[in-house]
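Only one structure is covered here, and it is reproduced in the block below.
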Amino acid sequence: MEVQEILKNLRERNNLTQEEMANRVNVTRQAVSRWENGETQPNPEMLKVLSREFDVSINTLLGSPRQLYCQCCGMPLSEDSMISRESDNSFNEDYCKWCYTNGSFVYKTKDSLIDFLLLHMPNPQNQSESERRKIFDDMLSQLKLWKC
């Protein structure tokens with residue numbers, strides 16, 4: 001879906017006129033009209049305002065141009081409800097809500113995350129704990145939070 005369609009759908013889902021949407025985000029009705037007609041797009045600061053005001057991620061506003069992955073555990077972030085929040089309730093698109101909550105990390109070390117994974121992830125190939133620990137460590141070491 002194109003940005004213009006996403007913005008129009010967002011406005012309509014919230015039962016707003018262009019004028020009402022413009023008032024909520026402090027722009028003119030003409031600006032909203034130009035967004036919806038595809039003449040212009042909201043700038044990065046306005047995307048942040050729209051994200052906060054309508055509780056959607058910037059990635060969603062832009063039509064999900066990239067697949068987001070938690071940079072702590074590697075989980076795909078396929079829905080906004082999975083994305084973490086900062087303490088001001090804004091989205092942090094780098095992490096899932098299970099690894100990063102209210103502005104802080106749940107797992108203080110990579111080893112503490114690996115310990116959790118060892119207990120909770122299936123082991124269909126009956127690998128030893130040391131084999132699984134190495135697999136998890138190799139995978140996690142590629143993510144932003146744990147890169148050396």
With [X], which residues qualify under side chain to side chain donor-acceptor pair (under 3.5 Å), at least two apart?
{"X": "Glu12", "result": "none"}
{"X": "Asn15", "result": "none"}
{"X": "Asp137", "result": "Lys110"}

Out of curiosity, [X] [atom1] to [Y] [atom2], how far, rounded to the nearest 0.5 Å?
{"X": "Gln4", "Y": "Asn9", "atom1": "CD", "atom2": "CG", "answer": "10.5 Å"}
{"X": "Ser57", "Y": "Leu50", "atom1": "OG", "atom2": "CG", "answer": "12.0 Å"}
{"X": "Gln18", "Y": "Leu16", "atom1": "CD", "atom2": "CG", "answer": "11.0 Å"}
{"X": "Met21", "Y": "Phe54", "atom1": "CE", "atom2": "CZ", "answer": "4.5 Å"}
{"X": "Ser84", "Y": "Asn102", "atom1": "OG", "atom2": "CG", "answer": "10.0 Å"}
{"X": "Lys8", "Y": "Ser33", "atom1": "NZ", "atom2": "OG", "answer": "9.5 Å"}

[X]: what forms a side chain to side chain contact (heavy atoms under 4.5 Å, CB included) with it, not counting sequence neighbours?
{"X": "Leu145", "result": "Cys72, Tyr95, Phe105"}
{"X": "Asp138", "result": "Lys134"}
{"X": "Lys48", "result": "Glu45, Arg52, Ile58"}
{"X": "Val106", "result": "Thr101"}

**Prompt:** Restricting to pairs with a member in residues 28-38, which pass salt bridge (charged side-chain N to carboxylate O under 4.0 Å, His left out), not counting sequence neighbours?
**Reply:** Arg11-Glu36
**Request:** Would you mind listing every salt bridge (charged side-chain N to carboxylate O under 4.0 Å, His left out) that reaches into residues 67-89, with sequence neighbours excluded?
**Result:** Asp55-Arg85
Contact summary for [X] and [Y], nearest pair of heavy atoms:
{"X": "Glu2", "Y": "Glu5", "answer": "N-OE1, 2.9 Å"}
{"X": "Gln142", "Y": "Lys147", "answer": "O-CE, 3.1 Å"}
{"X": "Leu61", "Y": "Ser51", "answer": "CD1-N, 3.7 Å"}
{"X": "Pro122", "Y": "Arg132", "answer": "O-NH2, 3.6 Å"}

**Item:** Ile114 with Tyr69, same ILVMFWY side-chain cluster at under 4.5 Å
**Value:** no
**Request:** Give the cluster check for Ile135 versus Met139: same hydrophobic cluster or not, with ILVMFWY residues linked at side-chain heavy-atom distances below 4.5 Å.
**Result:**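 Each belongs to a different hydrophobic cluster.
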**Message:** Consider side-chain contact (heavy atoms from CB on, under 4.5 Å). Of Asn23, Val27, Asn37, Leu7, which one does Val32 pass it with?
**Reply:** Val27
**Item:** Pair listing, side chain to side chain donor-acceptor pair (under 3.5 Å) test, anchored in residues 112-122, at least two apart
**Value:**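 Counting only pairs at least two positions apart or across chains, the side chain to side chain donor-acceptor pair (under 3.5 Å) contacts touching residues 112-122 are Thr109-Ser112, Asp115-Arg133.
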**Item:** Remaining members of the apolar cluster that contains Phe91, side-chain heavy atoms under 4.5 Å
**Value:** Leu68, Met75, Leu77, Met82, Ile83, Trp98
**Request:** Measure the shortest side-chain to side-chain distance between Phe136 and Met121 over non-hydrogen atoms and say whether it is less than 4.5 angstrom.
**Result:**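 The answer is yes, as the side chains (C-beta and beyond) meet within the 4.5 Å cut-off.
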**Message:** With a 4.5 Å cut-off on side-chain heavy atoms, are Cys96 and Cys73 touching?
**Reply:**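 SC-SC contact between Cys73 and Cys96 confirmed.
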**Item:** Pairing residues for Tyr107 by the ring-ring contact (aromatic ring centres under 6.0 Å, His included) criterion, not counting sequence neighbours
**Value:** Phe116
